[in-house]
Amino acid sequence: MAETKHDTVFDTGQQYLGSVYAKALIAASEKAGETDAVLEGLQSLVDDVLEQAPGLESTLVSPRVPLEAKENMLQSALGGRAAPTLLTFLKVLCRRGRFDSLRAILRATRKQYNELRNRKEVHVTSADPLTAENLEATANRLRQALGCDVDLQVKIVPDLIGGLVIRVGDTVYDGSLANRLKTLRNDLLATSSQQIRSELDRFAAAE
Amino acid sequence: MKFNADEIASVIQAEVEQYESHIDVREVGTVLEVGDGIARVHGLSGVMATEMVEFPNGVRGLAFNLEENSVGVIILGDYLGIEEGQEVKALGKLLSVPVGDAVIGRVLDPLGNPLDGKGPLNSTESRVVEVMAPGVAEREPVTQPLQTGIKAIDAMTPIGRGQRELIIGDRKTGKTAVALDAIINQKGSGVKCFYVAVGQKDSSVAGVVQVLEEAGAMEYTTVIVSGASSPAPLQYVAPYAGTSMAEHFMWKGEHALVVYDDLSKQAQAYRQLSLLMRRPPGREAYPGDVFYCHSRLLERSVKLSSELGGGSITSLPIIETLEGEVSAYIPTNVISITDGQIYLQPDLFFAGIRPAMNVGISVSRVGGAAQVKAMKNVAGGLRLDLAAFRELEAFAQLGTDLDAATQSQLDRGYRMVELLKQPQYRPLGVVEQIMVIYAGTKGHLDKVPINDVLRWETEFLEYIRDRRSDVWQIVDENKDKGDAFKSPDNPATQAVVAALNEFNSQFKSGDTDATA
């Protein structure tokens, strides 16, 4: 999974598995009242730990490493720092040999949690880092427009030059300068070439 | 010629001033995998079947398979520039091609992009590629003839405007040649022609274009090419695109002729797509809906009712068989869809009978109603006579002595077979065909040696053209009358018989070089 360029799985089996574990994780953490902490911990585990140290993941996935060693590793690394439900959940994953599906589980959990809280995941891409006020204003506008709470995921892509690209589900609202320049260029090319073709004489220089 | 830069700048300035920026809203997905002309896309949750999508490099695709977690897209163009993870945009439109007078005389790819280097296509109109065929109420029976200019076909398997006549045969039996003759013969008749080349060698297509150009047929013909090297999706789409271009003229009340060369290659392209999309294979590994693939294409060949302008599309689909195997999957499918077939056989071809049409199993199920009346009267018994001759010929090979009647029947049969031979790219007008076939069936050729029959034909037609154009006129005036050539005292019959007798009296047999 780590080598693919998109954040979706092609493996429908794993996707289904992820949604089953996610359901269990949300139910357990809701009961303990620490869903936000669990989700944040899981996200940071993937982003900050596993992405930085790929060796750790292969150790946890490998069937040749004994179960106790894995559990001890998790206990010593996360014990006291991560939410108790998360730690237990990770141990369950190791015991069931499903640690390889961790990313699918994270995605599914996010999705289900947003549905539970009536929130929508919104990806905002901007050219420059957004200030806190900007971010708040964007979130407010989106809440009004969508009629539900939003879970903003911000990404910085300098190629956009300016403006914002907002993606809700599969729909993209593109207000970026790069896109506007592109459409302007296409329109210009189309109309000018059509005018040149239809009234060539107008453009001919007197010799 | 020099361009005035200021004028161009002013156009651009006006455009920039008018430019209104608005937020671009689009439905997107992400490429999961790509290869062999297809892509699997995640997202695009609102996309509809056969909706067009666009990849970042400008290549278009069609949503082909809508699955639970992904969308299978067929890529209409170069798929090598597409990568995993790229954003795919749904365009909310169906695939359409440019249509109108601008496409006539051009060589285009299935998306309407010019391939002939004659500049861009100045077309303002376009038409959706996949259209439902007109329904029952919008149609009319096929009654107008479409002359192919080939004696054997116009006499025995006549084709009407709005008919689908299959041309089937092994490789190298002259299938394309028959279709090309039919196109060349449409000169001056106002019929627009479309030659759709699917999976052909680009060299053969170049040859076809050259032949059409030399015959002056490109003035009313469009060639749609997706060669053997173009990706399977384009080969699959090409026949539908060609039909759309033809439909434009049909709905304007004009007539069109479409040649699909050939549909077996299109079926193979469709099989490739379907297997890559993991649709379950059926007989000969073709998908279950390969019949529908052809039936919905050929149903679009229609004779419209006169309220709708009375336009028509006649189609000549071509199917290549392997070793004469007409009971293979695709040939049986297309035979059952079309209104008749012209069966070309290699043994006839190599015996010098060209066009190598097997008269016995070639039929036209619309036929008679759409035949020129005079031709119907002249050639009515020809099929049966030839069938009887075939039987006799086989019997005569046993070397038994034959009575005079049988011998004369045999002799006439040999002459008829000879008379139905026709060189390539030399279509004959209907009046000439009527006169020649009348001469053959009524025994005016019985005294001409078999070797001289073809020379007799050329010289007789020359004679009519140069000296007896009055006979030509009479036949032309009478050709649509029901009683023409029915009785010996019919004016057309009398004129032709008189001309034949006159010509035969001065025809010198034996001049033909036997080696020629």
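First the proteins, then the strands, lettered A, B, ... as listed; each starts at 1. In this text the structure is predicted, and so the values were computed from the model without any measurement.
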Within 6.0 Å of CZ in A:Arg117, more than 12 heavy atoms from elsewhere | yes
If you draw a 6.0 Å radius around CD in A:Glu115, do more than 12 non-hydrogen atoms from other residues or ligands fall strictly inside?
-> yes
Taking atom NZ of B:Lys118 as the centre, does the number of heavy atoms from other residues, nucleotides or ligands within less than 6.0 Å exceed 12?
-> yes
Is the NZ atom of B:Lys89 crowded by more than 12 outside heavy atoms at less than 6.0 Å?
-> yes
Please confirm whether the backbone N or O of B:Glu27 pairs with a side-chain atom of A:Asp170, one donor and one acceptor, at under 3.5 Å?
-> no
May I ask you to test the A:Thr171-B:Arg26 pair for a side-chain heavy-atom distance under 4.5 Å?
-> no
Atom CD of A:Gln195 and atom CD of B:Glu7: how far apart are they, to the nearest 0.5 Å?
-> 9.0 Å
Just wondering, more than 12 heavy atoms not from B:Lys252 lying within 6.0 Å of its NZ?
-> yes
Take atom CD in A:Gln153; do more than 12 heavy atoms of anything else shown fall under 6.0 Å from it?
-> yes
Return the option, out of B:Pro120, B:Gly46, B:Gly29, with the maximum number of heavy-atom pairs under 4.5 Å with chain A.
-> B:Pro120
B:Ile23 side, atom CD1; A:Arg180 side, atom CZ - distance, nearest 0.5 Å | 7.0 Å
Could you have a look at B:Val16, B:Val25, B:Asp24, B:Val47 and say which one has the most heavy-atom pairs with chain A under 4.5 angstrom?
-> B:Asp24
CG of A:Asp174 to CD of B:Glu87: how many Å apart, nearest 0.5 Å?
-> 8.0 Å
Is it the side chain or the backbone of B:Leu44 that comes within 4.5 Å of chain A heavy atoms, both, or neither?
-> backbone
